[in-house]
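Step one of this worksheet: look at the structure below.
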Amino acid sequence: MTPAVEFANVSRHFGPVKAVDGVDLTIVEGSFFAMLGPSGSGKTTCLRLISGFEKPTTGAIRIFGEDVSATPPHLRNVNTVFQDYALFPHMNVRDNVAYGLMVKGMGRARRHARAEEMLALVKLEGYGDRKPAQLSGGQRQRVALARALVNEPRVLLLDEPLGALDLKLREAMQDELKALQHKLGLTFVFVTHDQHEALSMADHLAVFNEGRIAQIGTPQDIYDRPATRFVADFVGSSNVLPPELTRALGGPAQWASLRPEATRLAQTGPVSGTVIALRYLGAGTRVVIRAGETEIAALVPAGQPVPPEGTTTAIAFDRNALHLMGTD
Amino acid sequence: MLSDRPSLLLKITAIGGLLFLHLPILFIFLYAFTTEERTYQFPPPGLTLKWFAVAWNRADIWPPLYLSLKVAAIATVLAMILGTLAAAAMSRARFFGRDQLSLLIILPIALPGVITGMSLRSAFGIMDIPFSTWTIVLGHATFCIVIVYNNAVARMRRLSGGIMEASADLGANAFQTFRHVLLPNLGSALLAGGMLAFALSFDEVIVTTFTAGQQSTLPIWMLNELVRPRQRPVTNVVAIVVFAATFLPILIAYYLTRGGSETAGMGK
C-alpha cells in the first residue's frame with residue numbers, strides 16, 4: 001500500500017539553522033499520526049513541508065506516492081487546521097466553510113449546502129450566519145475543522161489544534177477528533193508539544209528533537225521503550241537512571257528508564273533513598289525518592305501503605321521493566 | 001489618592017485647552033457672515049449671507065478650486081496604488097535593507113515641507129520639467145503615499161498572517177487570495193488612507209508653492225486673497241468650503257479605522 005505521506009531524507013535549513021535535518025518518515029494511510037516535540041524541534045516545519053508552505057532544502061516529499069516537493073500549497077490535496085484557526089474575519093461561518101469550494105468554482109447553492117453538511121458534522125448547525133468574532137474558541141476550532149474538511153482532503157494536517165482551548169474543552173475535543181477521524185477514515189497528521197495529547201490520540205507518533213526524529217513508533221513503544229534519554233525525559237514521567245544506578249540495580253552500566261508504575265517500595269534493596277515528595281493522584285500516590293543525585297518516582301497503588309516524607313525506603317521493580325537506552 | 005473622577009482644575013484646564021485650539025475656527029466661520037468687508041472687526045457690525053452669493057459669482061475662485069480637486073484626486077489615486085503595493089511588499093518580504101527602505105518611504109512625512117518643496121523644485125529645474133498640474137501632483141504624492149502606506153501596513157500587521165496561508169491551503173491561487181481575502185480586509189484601511197491623503201493634498205500650501213509655478217490651488221488663492229483688502233469675507237466662505245472638503249473625509253477615515261491600534265492620521 002502506498003503510504004499517505006513519505007519523507008525521504010528531507011532537510012529544511014534556514015541559513016545556519018537546521019530546522020529539519022535528514023528526516024525519513026512514513027505515515028500510513030488512515031492513521032492518526034502525531035508529531036511531538038518541544039518548540040523549535042522541527043515538528044511544525046515538517047507539517048508545513050507537507051502543506052507546502054515550506055520547500056525542502058534537500059530530499060523529497062511524497063503524498064500518496066506523488067512527489068510534491070515542488071508543488072505549491074494550493075495545488076496539494078491536503079488541508080490544514082491552523083493553530084490560531086485563521087478564519088476569515090470578514091466572512092460568516094458558512095462562507096468560511098464554503099471557501100475551498102468557492103475558489104474551485106462551485107455554485108453558491110451547492111457549496112452552501114455542502115457547508116451546512118460540514119457544519120452538521122462538527123455539530124455547529126445553525127451557526128452559518130455568525131461571524132467568527134461571535135464564536136467561542138471551541139466553536140472557532142470546529143469551524144476551522146469543517147473548513148479544512150470541506151475539500152475532502154486525503155490528508156488533514158492539524159497544527160497544535162487544541163492548544164488554545166481550556167483543559168475541559170481540550171479533552172472533549174480530543175475524543176471528538178478521534179471519533180471524527182475514525183468516521184471519515186482520513187489520515188490525520190497533528191503537531192503537538194503535549195505528550196499526553198500525543199500518547200492518547202495518536203496511533204503512531206514521531207518524537208522530534210533538534211530537527212531530527214528521536215523515535216518513531218506506537219504510543220506504547222514510545223512510552224514503554226524510549227529509545228533515548230531525550231524521549232524518556234520529554235515523553236514521560238519515566239524515571240531516567242544514570243549508568244551507575246542501572247548497574248547498582250543489577251543491569252549493565254547504561255542509561256535506562258523505569259516507569260513509576262513498575263517501581264515498588266521495598267524494605268531492603270540495592271538502592272535506597274529518602275522520600276522527598278508525595279503527591280496524591282486518586283488512583284495512587286506518587287512517591288519521589290532521592291537516591292544520591294537521582295530522583296526516582298514510584299507509584300504506590302491506592303490502599304497500600306505510603307511512607308511519610310523524610311523516611312528512608314528501598315526500591316524494587318520487575319527486571320523486564322528496566323529499559324536500556326542509547327546515550328544521546 | 002487616585003479617583004475615577006477628574007478634578008475640577010483638570011476639567012477646566014482641559015476645556016480651556018480645547019477652546020484655545022478650536023475657537024479660532026469658529027471665528028473663521030463667524031467672519032464669513034460679517035457685513036464689514038475690509039477689516040476683521042469684532043464683534044461684527046452685522047450679519048449677512050451675501051458673501052456666499054458673491055463668492056459663487058467670483059470667476060477667480062473656480063479655476064483654483066478645480067485645480068485643487070484635480071490634484072487631490074490624482075495624487076490620491078496614485079498614492080493608493082503605490083502605497084498599497086509598497087505595503088504589500090514590505091509586509092510579505094524579508095530582505096536586506098528592508099528597515100532602511102521602510103524609513104525612506106515614511107521620510108517625506110517627517111521631512112519639513114520646505115525641504116521637500118525645495119528639492120523637488122530644483123530637481124524639476126535640473127531636469128527641465130516645466131511646472132504643470134503634474135508637478136503639483138508629484139509633490140503631493142510624496143506625502144500621500146506615506147498616509148496610504150501607513151494605513152495599509154498597520155492593517156496588514158493586524159490581520160492574522162495565517163488567513164493568507166489558509167486561503168492558499170484551501171486551494172486559492174494568488175489572485176483569488178488577493179480578491180477574496182486581502183482586499184476585503186484591507187478595503188476600509190485603504191479607503192481611510194485615501195480620504196486622508198485627499199484631505200491633506202487639498203489644503204497643502206508649502207510644497208505646492210514650490211512646485212506650482214504660476215498656477216494657484218485653492219489654499220494658495222486664499223493666501224493671496226488675504227493680503228488684498230477687498231471682499232475679505234469671501235475668503236472665509238472659501239475657508240468653510242475647504243474645511244468641509246477636508247474635515248468630512250478625515251471624519252469618515254476616523255470611523256473607518258476606529259477600534260484598531262492603527263494610526264489613521266499622523267500629523268502633517
Side-chain angles (χ1 to χ4, degrees), chain A residues 14-15 44 47-48 50-54 71-92 95-106 111 115 118 131-133 140 143-153 155-161 164, chain B residues 80 84 87-89 91-99 148 151-194 252-253 255-262 264:
Chain A
F14 299 97
T44 301
L47 198 78
R48 292 171 64 81
I50 303 174
S51 59
F53 291 111
E54 297 292 347
T71 310
H74 70 277
L75 299 177
R76 296 189 186 195
N77 194 11
V78 297
N79 288 113
T80 309
V81 176
F82 290 88
Q83 187 173 10
D84 59 353
Y85 315 139
L87 300 178
F88 306 123
H90 59 293
M91 292 181 192
N92 65 23
D95 286 332
N96 260 286
V97 175
Y99 187 83
L101 303 174
M102 181 193 73
V103 296
K104 279 185 193 155
M106 187 186 280
R111 68 173 191 257
M118 297 316 297
K131 284 285 179 70
R140 281 180 214 179
V143 175
L145 195 59
R147 186 179 68 171
L149 287 170
V150 81
N151 279 352
E152 298 174 23
V155 179
L156 183 75
L157 308 176
L158 303 108
D159 186 4
E160 303 257 1
Chain B
M80 282 178 76
T84 312
S91 62
R92 282 190 61 167
R94 296 275 172 278
F95 51 86
F96 177 74
R98 181 175 170 277
D99 293 343
V148 176
N151 275 278
V153 156
R155 178 63 62 90
M156 283 183 184
R157 203 178 297 135
R158 203 174 56 162
L159 278 181
S160 137
I163 62 172
M164 315 271 266
E165 284 195 350
S167 172
D169 188 77
L170 291 164
N173 59 32
F175 174 74
Q176 288 172 317
T177 299
F178 177 78
R179 152 114 176 60
H180 296 297
V181 176
L182 189 57
L183 208 55
N185 279 294
L186 221 51
S188 63
L190 288 187
L191 198 57
I252 294 170
Y255 279 104
L256 285 175
T257 54
R258 201 171 45 155
S261 54
E262 55 201 271

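Below, chain A is the first sequence line, B the second, and so on; all start at residue 1.
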Rounded to the nearest 0.5 Å, what separates atom CD in B/Gln176 from atom NZ in A/Lys104?
11.0 Å
Nearest-0.5 Å distance that lies between atom CG in B/Asp169 and atom CZ in A/Arg147:
8.0 Å
Excluding sequence neighbours, so at least two apart, what forms side-chain hydrogen bond (donor to acceptor under 3.5 Å, both in side chains) with B/Ser167?
A/Tyr99, B/Thr177
Minimum heavy-atom distance [X]-[Y], with the two atoms named:
{"X": "B/Ala172", "Y": "A/Val103", "result": "CB-CG1, 3.7 Å"}
{"X": "A/Phe82", "Y": "B/Ala166", "result": "CE1-CA, 3.4 Å"}
{"X": "B/Leu170", "Y": "A/Ala148", "result": "CD2-CA, 4.3 Å"}

Crowding at CZ, B/Arg179 (>12 non-hydrogen neighbours, <6.0 Å)
no
At a 4.5 Å cut-off on heavy atoms, which part of A/Val150 comes close to chain B: side chain, backbone, both, or neither?
neither
Applying a strict 4.5 Å limit to non-hydrogen atoms, the region of A/Asn151 in contact with chain B is side chain
In terms of heavy-atom pairs under 4.5 Å with chain B, the winner among A/Arg76, A/Met102, A/Met91 is A/Met102
With no hydrogens and no angle check, just 3.5 Å: does a side-chain donor-acceptor pair link B/Asn173 and A/His74?
no
